[in-house]
Amino acid sequence: MEIKSVGIVGAGQMGNGIAHVMALSGYDVRLNDISSDAIDAALALITRNLDRQVTREKISSADRDSALSRIQATPDLAQVAQSDLVIEAATEREDIKHQIFEALLPNLKPETILTSNTSSISITRLASRTDRPEKFMGFHFMNPVPVMQLVELIRGIATDAETYDACLAVVQKLGKTAASAEDFPAFIVNRILMPMINEAVYTLYEGVGNVESIDQSMKLGANHPMGPLELADFIGLDTCLAIMNVLHDGLADTKYRPCPLLTKYVEAGWLGRKTQRGFYDYRGEVPVPTR
Ligand SMILES: CC(=O)CC(=O)SCCNC(=O)CCNC(=O)[C@H](O)C(C)(C)COP(=O)(O)OP(=O)(O)OC[C@H]1O[C@@H](n2cnc3c(N)ncnc32)[C@H](O)[C@@H]1OP(=O)(O)O
Ligand SMILES: NC(=O)C1=CN([C@@H]2O[C@H](COP(=O)(O)OP(=O)(O)OC[C@H]3O[C@@H](n4cnc5c(N)ncnc54)[C@H](OP(=O)(O)O)[C@@H]3O)[C@@H](O)[C@H]2O)C=CC1
């Protein structure tokens, strides 16, 4: 089945990026969020990012205009459900994701493929609560979506070959590269990346280094484009903690124990860039380390 329309639930940093690249590649997009402010902010950000691509001569202004005309923002999940492919990109909490799929189910077309952009949660378990485990899979973009080349595709135990092939064709049309991952906690990228970020927080917690020296060490000493604490702020500390909890619970190994300092930042509501404070304070002209 050829996918023509894509419904996206959750218009946060991932939802807006997914809407951006889908619309630019010719898909009709329906973008939903529980918060109308989030939808407005997403549309404004997509417009800014497309404008920047025009300025840098990556796309033409006609490309930008037609991409924007293909994005329909809607508070109505029933409209989203009418898409050929639905990508759930809401907060990394399993209860929220189950609720979204439950609300979508009554209005889905029989042939619609349901997917989740989850960073870590079991695809098989999410699928088992829907009416179509064979048409359900993980569709995991990396942040920032318009820049990052990889998409992880994760089959649940019941996902059929037709569904996988249809999603692979979408990744190819986006000009991105797919990596196939088995359905185990946090899949490939976050199974490796998130324990490194958690270890950086332990390094801070134990006073081995401060925010600046830890980030500088990994940037200059290991050639990472961002230091691990800067990257954690970029991803969202709530998301990082949620992924560590899935690894810890799912693999039952103490090596995945979330650092208490990470928990403390999340408890404070210091979630990183999205709340303007995390390991850095972003409220001034330049980010200032908070430790
Ligand atoms: C948690 C999960 O489940 C999985 C994940 O996503 S893990 C996170 C994975 N992502 C990473 O590891 C990102 C690491 N960081 C980087 O690669 C780089 O710092 C970066 C690409 C984000 C920025 O690169 P940079 O060279 O420092 O900055 P900059 O020169 O400003 O940007 C490079 C390009 O990206 C674009 N860009 C940067 N941030 C962007 C954003 N948030 N949205 C859209 N475009 C963006 C810029 O416009 C620029 O585009 P051009 O090449 O067309 O000019
Ligand atoms: N951040 C990252 O680097 C990456 C994240 N992901 C995954 O993508 C998903 C989204 O993450 P991200 O975009 O960073 O998170 P954000 O916090 O930026 O955005 C999540 C959005 O979902 C909204 N939301 C919450 N509940 C609902 C609901 N019931 N219906 C519709 N929308 C809802 C939130 O609204 P409100 O704020 O009002 O609650 C918020 O606008 C997560 O599963 C995450 O693990 C995947 C790859 C990378």
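None of these values were measured; they are calculated from a predicted model. By convention here, the first residue in the shown sequence is residue 1. Order of appearance sets the numbers: ligands from 1, and atoms from 1 within every ligand.
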Determine whether any protein heavy atom is located less than 4.0 Å from atom 29 (P) of ligand 1.
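No, because not a single protein heavy atom sits under 4.0 Å from atom 29 (P) of ligand 1.
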Is there at least one protein heavy-atom neighbour under 4.0 Å from atom 13 (O) of ligand 2?
yes
Provide the number and element of each atom of ligand 2 under 4.0 Å from a heavy atom of [X].
X      : value
Lys97  : 42 (C), 43 (O)
His140 : 46 (C), 47 (C)
Ile96  : 26 (N), 29 (N)
Ser35  : 38 (O)
Ala38  : 41 (O)

Polar-atom distance check: Arg56 versus ligand 1, any N or O pair below 3.5 Å?
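There is such a contact, yes.
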Side chain, backbone, both or neither: [X] near ligand 1, heavy atoms under 4.0 Å:
X      : answer
Thr239 : neither
Gln53  : neither
Ile235 : side chain
Val145 : neither

Could a heavy atom of His140 be found less than 4.0 Å from some atom of ligand 1?
yes
Could you check whether any heavy atom of Val189 sits closer than 4.0 Å to an atom of ligand 1, since that is the contact criterion I want to use?
no
For ligand 1, which atoms have a heavy atom of Met142 less than 4.0 angstrom away?
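Selected atoms, number and element: 4 (C), 5 (C), 6 (O).
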Is the CD atom of Glu182 crowded by more than 12 outside heavy atoms at less than 6.0 Å?
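No, the 6.0 Å shell around CD holds no more than 12 heavy atoms from other groups.
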Please work out which of Met226, Lys219, Lys58, Glu57 has its closest non-hydrogen atom nearest to atom 53 (O) of ligand 1.
Lys58
Which is closest to atom 46 (C) of ligand 2 by heavy-atom distance: Ala186, Pro75, Ser119, Gly10?
Ser119
Any salt bridge linking Lys274 with Asp238? Criterion: basic side-chain nitrogen under 4.0 Å from a carboxylate oxygen.
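Yes.
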I'd like to know if Asp183 pairs up with Arg155 as an ion pair, taking the criterion as any Lys NZ or Arg NE/NH1/NH2 lying under 4.0 Å from an Asp or Glu carboxylate oxygen.
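No.
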Could an N or O of ligand 2 be found under 3.5 Å from any N or O of Ala90, whether backbone or side chain?
yes
Parallel, tilted or perpendicular: which fits the ring planes of Phe136 and Phe101, with parallel below 30° and perpendicular above 60°?
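Rings of Phe136 and Phe101: perpendicular, over 60°.
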Mind checking whether Tyr280 and Glu230 have side chains closer than 4.5 Å, heavy atoms only?
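The answer is yes, as the side chains (C-beta and beyond) meet within the 4.5 Å cut-off.
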Checking heavy atoms under 4.0 Å, the part of Ile235 that sits near ligand 2 is both
